[in-house]
Number of protein chains: 2
Amino acid sequence: MAVSMHDVARAAGVSQRTVSNVVNDYAYVRPETRQRVLDAMAELGYVPNAAARSLRAGRTGLIALVVPDFRARIFADLAGPVVREAEALGYTVLIELTESEREREIEVLTGGRNQLTDGAIMMALSLRPEDGERRRADYPIVLVGDEVLTGDVRHVAIPNREAAKAVVRHLAGLGRRRLMLLGYAPAEHQTGRMRLRGFLEGLAEAGLTAQEELLVEAGWTRAEGQRAIEEHLDARRSMPDAIFAMNDSLALGALRALQARGVRVPEEVALVGFDDVEEARYSTPSLTTVSPDVEALARNAVAMLHEQISGRPAGRGPHVVVDFELKVRESSR
Amino acid sequence: MAVSMHDVARAAGVSQRTVSNVVNDYAYVRPETRQRVLDAMAELGYVPNAAARSLRAGRTGLIALVVPDFRARIFADLAGPVVREAEALGYTVLIELTESEREREIEVLTGGRNQLTDGAIMMALSLRPEDGERRRADYPIVLVGDEVLTGDVRHVAIPNREAAKAVVRHLAGLGRRRLMLLGYAPAEHQTGRMRLRGFLEGLAEAGLTAQEELLVEAGWTRAEGQRAIEEHLDARRSMPDAIFAMNDSLALGALRALQARGVRVPEEVALVGFDDVEEARYSTPSLTTVSPDVEALARNAVAMLHEQISGRPAGRGPHVVVDFELKVRESSR
DNA sequence: CTGAAAGCGCTAACAG
DNA sequence: CTGTTAGCGCTTTCAG
């Protein structure tokens, strides 16, 4: 067994209490006593035991980051900032993968199989509003992304609607009139619904009307983007002069299809994505895209969770929408 | 405070011991007693307390995954499999980011600031061989990637040398004679050294000799790949007929530079990368690359760590090299 | 099959 | 400033 506080106390000739005081640099300890204790600790290689501390404190200092999968770039992007923010507030982050399974997401709402974490930050993709009732009231949670639960669950969102609107405004400003929305998926995630809504609002604002033929269904993957555009072109459906893809993967797939069919981007068709994945900067042409402030997403999520855990008064509302930036690149000029 | 075992015991009219037995489906408990206990647990919403259990057991059931950064694709790819494997063995994974700082990597060797984890899987980039001495002997660690420590540290490796050799063999088989190595970095990571060594061995095997002008220095990023190739072309240095990039980012940066300068790939210059990032499949032309078996990497790392933690006899040697596959795509035909 | 009770390592209330 | 000590929730030894 590892060396305990008791061992240190004996070695330093003080009581356990004093060792504890030193470890937590608490209260008043006479400098020389402190030094003696520190020496003893170093000598014995003392390391405080997290389990005992947690048991005593009733908190573990752990928070869970719950994501569907790390291969999706946005989740990987989020992990770094979340870990850093959490660390700054004294938390350690542990990872939970849901593979987008609803059961696993629900399990998080109840605090998990064991009370291992003080709270969770979750990107939920499969929860339904009514699942909110299964939530254990005293388990702090912050949802990132869509607002999928009813009730007073805190949540920090990507500005889907506002950004989609900004994209349309940008395209209309370039004189484009026949805008395609790629990745249309009626009643899928709220993310899709919000981007759709922003798209439609943008069109209305620009005095344009949506053409049904230009709302193109596709899963949000590169392969699907490619397939959908190929089919659209081959079927000689009405040709857009701009495409707003629901995310960058779709956009990059579309780009490949357009190039394969000899359609020039951006001359004939402008192309805009969403997410600002790294590749967007490096494709040829480079891709105009919406860049949500992921850093702020992480910062807010951790801060909001910390507020709940520590019972501190919320310095911000229960719902936060972070900023975004439209990165205009070669694909829409 | 949450409901404890004691509460459940009282509600079910049994002793704490019996509840514990039920929870750990231990020993012999009469079916009806078991049921009564289960009912009481459900009724009260009992959830076992991880801290108490850890304190008692002397193990936390947590393992650390220590990586420099999640934005580098390979780390993100590793996370999923590691979490899944760990879960299958009853561990929870927690994340530690080192930003490649040597001090932080060393700290892991000593078991960290608190005994929170039972062991660690680390991708170390900055450790030096002599750091091995700082290692706390009883803290289980598995290194992934390079073998950076002397001593008996377990480690699972990517087949850098073998794969680099296979790449050269492939290019030579296509009739290419003037092979460039992009991302040459004398005495950087061992990864680079091993790939370099494989490259040279491959050349020797094919009866070719390395030209110094074709060992091109560059950081392992896309921007650097682009810059290095642009400079090389603009300086009118000797033209290669094939480029082996130390990783895919470099290769994709190089691709961009080649296209910008009107060099046709693969007709004039074949191009091969390393890592098999997702984009490699979708670039134009798609990129030939080495695909290490990341799944196996994760599986072995977790299994080896588990062996150390549980003190089980090692079913495998202390060093494992996983498989790879050379994915031949459009960029080298 | 079940109960009583010790004790894992630490914090903090209480007492000097 | 420092010592004593109870107890966080659980597992497990020892008795029944």
Side-chain angles (χ1 to χ4, degrees), chain A residues 1-38 40-41 44-62 90 111-118 138 310, chain B residues 1-38 40-41 44-62 90 111-118 138 310:
Chain A
M1 200 48 62
V3 9
S4 79
M5 243 180 193
H6 184 247
D7 302 330
V8 176
R10 244 192 0 209
V14 299
S15 83
Q16 219 187 96
R17 162 73 202 251
T18 303
V19 179
S20 175
N21 282 348
V22 171
V23 169
N24 304 296
D25 28 49
Y26 235 40
Y28 313 84
V29 180
R30 211 184 311 157
E32 55 198 77
T33 313
R34 174 184 301 276
Q35 195 51 54
R36 227 173 44 237
V37 171
L38 287 173
M41 276 169 46
L44 300 176
Y46 169 73
V47 181
N49 179 307
R53 189 177 284 202
S54 302
L55 178 56
R56 191 60 240 247
R59 306 185 11 186
T60 59
L62 295 173
R113 297 163 300 288
N114 42 22
Q115 316 163 242
L116 184 55
T117 52
D118 295 337
D138 60 342
S310 63
Chain B
M1 199 50 62
V3 12
S4 81
M5 241 179 196
H6 185 248
D7 302 330
V8 176
R10 243 193 359 211
V14 299
S15 84
Q16 219 186 98
R17 161 74 202 249
T18 303
V19 178
S20 175
N21 282 348
V22 171
V23 169
N24 303 294
D25 27 49
Y26 235 41
Y28 313 84
V29 180
R30 213 183 310 155
E32 56 198 77
T33 313
R34 173 184 303 276
Q35 195 51 55
R36 226 175 43 238
V37 171
L38 288 173
M41 276 168 45
L44 299 176
Y46 169 73
V47 181
N49 178 306
R53 187 178 285 203
S54 303
L55 177 56
R56 190 61 237 242
R59 305 183 12 184
T60 59
L62 295 173
R113 298 162 300 287
N114 43 21
Q115 315 163 246
L116 183 56
T117 52
D118 294 337
D138 60 341
S310 63

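Chain identifiers are assigned alphabetically (A, B, ...) following the order of the sequence lines, protein sequences preceding nucleic acid strands; residue numbering begins at 1 within each chain.
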Chemist: Measure the distance from CD on B/Q16 to P on C/dC8 and round it to the nearest whole Å.
Modeler: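 Rounding to the nearest Å, CD of B/Q16 and P of C/dC8 are 17 Å apart.
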Chemist: How close or far is atom P of D/dC8 from atom CG of A/N49, stated in whole angstroms?
Modeler: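 Interatomic distance, CG of A/N49 to P of D/dC8: 18 Å.
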Chemist: Heavy atoms under 4.0 Å, any strand shown: does B/S54 hit a base, just sugar-phosphate, or nothing?
Modeler: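 No contact at all - B/S54 keeps every heavy atom at 4.0 Å or more from the nucleic acid.
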Chemist: Can you find a side chain N or O atom of A/R53 that sits less than 4.0 Å from OP1 or OP2 on C/dT11?
Modeler: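 True: A/R53 side-chain N/O within range (under 4.0 Å) of C/dT11 OP1/OP2.
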Chemist: Of B/G13 and B/Q115, whose closest DNA chain C nucleotide lies nearer the 5' terminus?
Modeler: B/G13
Chemist: Return the 5'-most residue of the pair A/Y46, B/T33 with respect to DNA chain C, ranking by each residue's nearest nucleotide.
Modeler: B/T33
Chemist: At less than 4.0 Å, is any side-chain N or O atom of B/T18 found next to OP1 or OP2 of C/dG3? Yes or no.
Modeler: yes
Chemist: Round to the nearest Å and state the distance from B/R30 atom CZ to C/dG3 atom C1'.
Modeler: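 The distance from CZ of B/R30 to C1' of C/dG3 comes to 13 Å, rounded to the nearest Å.
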Chemist: Closest approach to the side chain of B/L55, judged atom by atom: which nucleotide of C/dG9, C/dC1, D/dT4 is it?
Modeler: C/dG9
Chemist: Using a 4.0 Å heavy-atom cut-off across all strands, classify A/V23 as base, sugar-phosphate, or nothing.
Modeler: nothing
Chemist: Check nucleotides 14-16 of chain C against the protein and report each pair of N or O atoms closer than 3.5 Å, with its distance, or say if there are none.
Modeler:
unit_1, atom_1, unit_2, atom_2, d
C/dC14, N4, A/R17, NH1, 3.3

Chemist: Whole-Å distance between D/dC10 P and B/H6 NE2?
Modeler: 11 Å
Chemist: Quick one, B/L116 with A/L62, criterion side chain to side chain contact (heavy atoms under 4.5 Å, CB included). Give me CA distance, side-chain angles, the key distance, then yes/no.
Modeler: CA-CA 10 Å; B/L116 183 56; A/L62 295 173; 4.0 Å; yes
Chemist: Would you mind telling me which of D/dT2, C/dT11, C/dT2 lies closest to the side-chain atoms of A/S20?
Modeler: C/dT11
Chemist: Mind checking the OG-NE2 spacing from A/S15 to A/H6? Nearest 0.5 Å is all I need.
Modeler: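 Rounded to the nearest 0.5 Å, the OG-NE2 separation comes out at 10.0 Å.
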Chemist: So how far is it from A/M5 CE to A/T18 OG1, rounded to the nearest 0.5 Å?
Modeler: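 So the CE of A/M5 and the OG1 of A/T18 are separated by 10.0 Å.
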Chemist: Go through the steps to decide whether A/R53 and A/N49 satisfy the test side-chain hydrogen bond (donor to acceptor under 3.5 Å, both in side chains), and finish with yes or no.
Modeler: CA-CA 6 Å; A/R53 189 177 284 202; A/N49 179 307; over 6 Å; no
Chemist: Distance from B/L55 atom CG to A/R56 atom CZ, nearest 0.5 Å?
Modeler: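 It is 12.0 Å, given to the nearest 0.5 Å.
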Chemist: Rounded to whole angstrom units, what separation is found between the CG atom of A/D7 and the P atom of C/dC8?
Modeler: 10 Å
Chemist: Which heavy-atom pair separates B/Q16 from B/A9 by the least distance, and what is that distance?
Modeler: N-CB, 3.7 Å
Chemist: Report yes if a side-chain nitrogen or oxygen of B/S4 is closer than 4.0 Å to either non-bridging phosphate oxygen (OP1 or OP2) of D/dC8; otherwise report no.
Modeler: no
Chemist: Checking contacts here: which listed nucleotide (D/dT2, C/dT2, C/dC10) is nearest the side-chain heavy atoms of B/N21?
Modeler: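 Comparing D/dT2, C/dT2, C/dC10 against the side chain of B/N21, the answer is C/dT2.
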Chemist: If I take atom CD in residue B/Q35 and atom C1' in nucleotide C/dC1, what distance separates them, rounded to the nearest angstrom?
Modeler: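 Checked: the CD to C1' distance equals 17 Å.
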Chemist: How long is the line joining CZ of A/R36 and C1' of D/dT2, in whole Å?
Modeler: 11 Å
Chemist: What nucleotide among D/dG3, C/dG3, C/dC8 has an atom nearest to a side-chain atom of B/R56?
Modeler: C/dC8
Chemist: Hey, is the side chain of A/S15 poking within less than 4.0 Å of OP1 or OP2 on D/dG3, counting only N and O atoms?
Modeler: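 True: A/S15 side-chain N/O within range (under 4.0 Å) of D/dG3 OP1/OP2.
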Chemist: Do you know which of A/R34, A/Q35, A/M41 makes side-chain contact (heavy atoms from CB on, under 4.5 Å) with A/V37?
Modeler: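 That would be A/M41; it is the only one of A/R34, A/Q35, A/M41 passing the side-chain contact (heavy atoms from CB on, under 4.5 Å) with A/V37.
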Chemist: Just by distance, do the side chain of A/T60 and the backbone of A/S54 share a donor-acceptor pair under 3.5 Å?
Modeler: no
Chemist: Write down the distance between CE (B/M41) and P (D/dG9), rounded to a whole number of angstrom.
Modeler: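 Roughly 16 Å, once rounded to whole Å.
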